[in-house]
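Sequence lines set the chain letters: A, B, ... in the order given, protein chains first and strands last, and positions in each chain run from 1.
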Number of protein chains: 2
Amino acid sequence: MTQLPAASISAQPGIAYRKVKSILISEIASGALQPGVKFPNETALAKRFGVSVGTLRRAVEELVAENILVRQHGRGTFVRSLDEERFLFQFFKLADRDGNFEYPKVELVAFSQAQATSQEAKVLGLQSGDAVFRLENVLSLQDRATVHDRISIDAKLFEGLTQQCLTQRAGTIYELYQRRFGVTIACADERLRAEDADARSAELLGIAPGASVLRIERVAFTVENRPCEWRISIVNSSRVDYVSRSAHN
Amino acid sequence: MTQLPAASISAQPGIAYRKVKSILISEIASGALQPGVKFPNETALAKRFGVSVGTLRRAVEELVAENILVRQHGRGTFVRSLDEERFLFQFFKLADRDGNFEYPKVELVAFSQAQATSQEAKVLGLQSGDAVFRLENVLSLQDRATVHDRISIDAKLFEGLTQQCLTQRAGTIYELYQRRFGVTIACADERLRAEDADARSAELLGIAPGASVLRIERVAFTVENRPCEWRISIVNSSRVDYVSRSAHN
DNA sequence: AAGTGGTCTAGACCACTTG
DNA sequence: AAGTGGTCTAGACCACTTT
């Protein structure tokens, strides 16, 4: 069982369950609580924070709702590991016309380090000129190149990232962020529009330049709610849809 | 205060707070609990259902999370009325490039009653040939025609709907559904893709036929989780984005 | 059998809104 | 002052998983 300092609730702002929640978030972000490792049980955690079990549960329940923790009846509570199936599809929302999701084949087509443009800096919360990594992927579905991703990330956060890391990884890139760099992606904002494919995307996707493509701009955030990845996805949506499912009853 | 029968919990399936929730949902759907009207307070409701206040609260909290109820500290609990600002933007997700939302101007360009195609029947849970209403709207943002909506709804659910109802209404069409027909939209599934504008959409939106447009297909559900509206929106996304905001911490 | 989370209770007290 | 929801407690008992 993880041994952690007797975090004092009174040192944090806000009401009790929010304090507990924010302490848990920072411990997850710092790596003190590792993905896949079992949490202390509720009574122990409640005692550590000096709150009742009910209050502890409320904090944990919110983190479960935010997909940061997972509880399993009879087994325990865990930091959600990004290799879990359903987690992948929290961020990968392309399905075929019948609504079926498929794990994409990923090919890295470019990797470089560069100085952040003003736009990159703004989105990622950096200074213009700070180092960023830029990478480009082509994702295939049903053996057809379907998505062209351009990704920018803060080089400092991902110090030591190499082309090898990326090409030799198993699993998603978000899993790599989490396992090698301790950066856990918790949520993302996306903006979508239709546009005409530029020359590069058209070539990579094997379509005519100027064809209608779906453009998805995504900013992904860590558990601490800091922007850490900026991504433009160009999608040939002639065979797939972007699916947005609202939470049903 | 609303006077309702002493609904017996034990007659419903599932565990207590789920029973309470499903009874509340059916009472909202049936119109026994009206939008904007104050709920009985927690202790009274709990007594009516024969559960503790904590259990009642849990049911209500889930309905609040699903945007069906609204609680206001010190004032009371209400069925959410669809004319509330933020509710509009639960379903209208088009923002300008700076992320600003604007209330669209709506113009009805077609209205008819027809027999459901097999596709309409399938989506809406009808039989092929059942009566449906079809309507088309053009939505303008910043005085530019931006969205062309094609909407199909079950004619039986909206019996008595006329062109007048639609053109003379104040507020959103979902508010009309709720106020005139007692149909409260609670959530929706959406699928997006890029495509080339067809002749009709191009004309209505004042763009070239074949221009890249965003196609949004939406199925909207009632509080009882029954599909009740099918809508295809064609969006000229040269000035607006579809914004998908994930719930942050 | 032991340990975990899931549900439920019956209170207490606080914060906010309204008359 | 009265009424509402918001937070918190300290238990009880159940359901599920593991040993």
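- Between N41(B) and dG3(D) there is no side-chain N or O to OP1 or OP2 distance below 4.0 Å.
- Within a 6.0 Å sphere centred on CZ of R226(B), other residues, nucleotides and ligands contribute 12 heavy atoms or fewer.
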- Task: Could you walk me through whether Y242(A) and E190(A) pass the side chain to side chain donor-acceptor pair (under 3.5 Å) test, one step at a time?
- Result: CA-CA 11 Å; Y242(A) 174 98; E190(A) 296 187 317; 2.5 Å; yes

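- Proximity of T77(A) to the phosphate of dG5(C): a side-chain N or O atom is located under 4.0 Å from OP1 or OP2.
- L69(B) has its CG atom 16 Å from the P atom of dT4(D), to the nearest Å.
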- Query: What does nucleotides 8-15 of chain C look like as a protein-contact string, B for base, S for sugar-phosphate only, - for none, at under 4.0 angstrom between heavy atoms?
  - Reply: SB-----B

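- Helical stems in DNA chain C, defined as runs of 3 or more consecutive Watson-Crick or G-U wobble pairs with donor-acceptor distances under 3.5 Å: C:1-18 with D:1-18.
- Side-chain contact between Q34(A) and Q178(A): absent, with no pair of heavy atoms (C-beta onward) separated by less than 4.5 Å.
- The CG-C1' distance, from L45(A) to dT4(C), rounds to 13 Å in whole Å.
- As rounded to whole Å, 10 Å separates atom C1' of dG5(D) from atom CD of E61(B).
- Between the CZ atom of F39(A) and the P atom of dT4(C) there is a distance of 14 Å, given to the nearest Å.
- At a threshold of 4.0 Å, the pair E42(B)-R71(B) counts as salt-bridged, since one of the basic side-chain nitrogens sits closer than that to a carboxylate oxygen.
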- Message: Go through it in stages, so that I can follow the logic: the residues are K21(B) and E66(B), the test is salt bridge (charged side-chain N to carboxylate O under 4.0 Å, His left out), and I'd like the CA-CA distance, side-chain angles, deciding distance and then a yes or no.
- Response: CA-CA 11 Å; K21(B) 188 180 163 189; E66(B) 289 165 18; 2.9 Å; yes

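- Remark: aromatic rings of F133(A) and F158(A) are distant, center separation not under 6.0 Å.
- Side-chain nitrogen and oxygen atoms of R75(B) include none within less than 4.0 Å of the OP1 or OP2 phosphate oxygen of dG5(D).
- Residue R71(A) places no side-chain N or O under 4.0 Å from the OP1 or OP2 atom of dT4(C).
- We find that R245(A) and D189(B) are not joined by a salt bridge, their nearest charged nitrogen and carboxylate oxygen being 4.0 Å or further apart.
- Within a 6.0 Å sphere centred on CG of N100(B), other residues, nucleotides and ligands contribute more than 12 heavy atoms.
- Here the side chain of R231(A) pairs no donor or acceptor atom with the backbone of S233(A) at under 3.5 angstrom.
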